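In what follows, a structure is listed as structure tokens, so that the remarks can point back to it.
Just so you know, these numbers come straight off a predicted model, no measurement behind them.
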Amino acid sequence: VQARQALNGAAQMAAAAAAWQATAAAQQALSFASAAAAPKKRKLEDEELRLDSDGMAYNLDAFIAQYGGSRENPPLAWMTERRLDHDGQAYTLDGFIQQYGGTKANPPVQWHSAKQWKFEVNFADL
């Protein structure tokens, strides 16, 4: 009788362990499925950064948080950045769009490949 009770107890424990493993596997499958369905976040290092008046580089979302606007209608502080074109002159994004096409939401390739124009500011002269 004791052997039979021990065998039944072992069988119940094995069934409980199998049920727990199945539950854990189902939960893991659900978490993978929801992660795959979730929109992908952009990596911060992949985002374009621009210099603000404090000399620090920020992404568009930081400019929007500081100055307002949206990705479709960026703040003026974001749009006044200038980049050097192949002719050596510095142009705003609007200038690149006039020359090469594109939009503010989807700038031309030349804008992305152009170097950011930096100029020295002597605050004593202001």
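Taken together through direct or relayed side-chain contacts under 4.5 Å among Ile, Leu, Val, Met, Phe, Trp and Tyr, L49 and V109 form parts of separate hydrophobic clusters.
Heavy-atom minimum distance, P75 versus L60: CD-CD1, 4.2 Å. Across I97 and P108, no two heavy atoms sit closer than the pair CG1-CD, 4.1 Å.
The side chain to side chain contact (heavy atoms under 4.5 Å, CB included) check on A62 picks up Y58, N59, with sequence neighbours excluded.
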CA sep, side-chain torsions, deciding dist, call: L76, Y67, side chain to side chain contact (heavy atoms under 4.5 Å, CB included) = CA-CA 8 Å; L76 184 61; Y67 300 107; over 6 Å; no
When you look at R71 and D61, which way does the side chain to side chain contact (heavy atoms under 4.5 Å, CB included) test go after all the steps?
-> CA-CA 8 Å; R71 286 191 162 272; D61 292 330; 3.3 Å; yes
L93 vs E81, side chain to side chain contact (heavy atoms under 4.5 Å, CB included): CA-CA, chis, key distance, verdict | CA-CA 7 Å; L93 176 55; E81 177 191 4; over 6 Å; no
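For residues 104-114, the set of pairs meeting the side-chain hydrogen bond (donor to acceptor under 3.5 Å, both in side chains) definition, not counting sequence neighbours, comprises E48-W111. For residues 87-97, the pairs satisfying side-chain hydrogen bond (donor to acceptor under 3.5 Å, both in side chains) are D87-Y91, with sequence neighbours left out.
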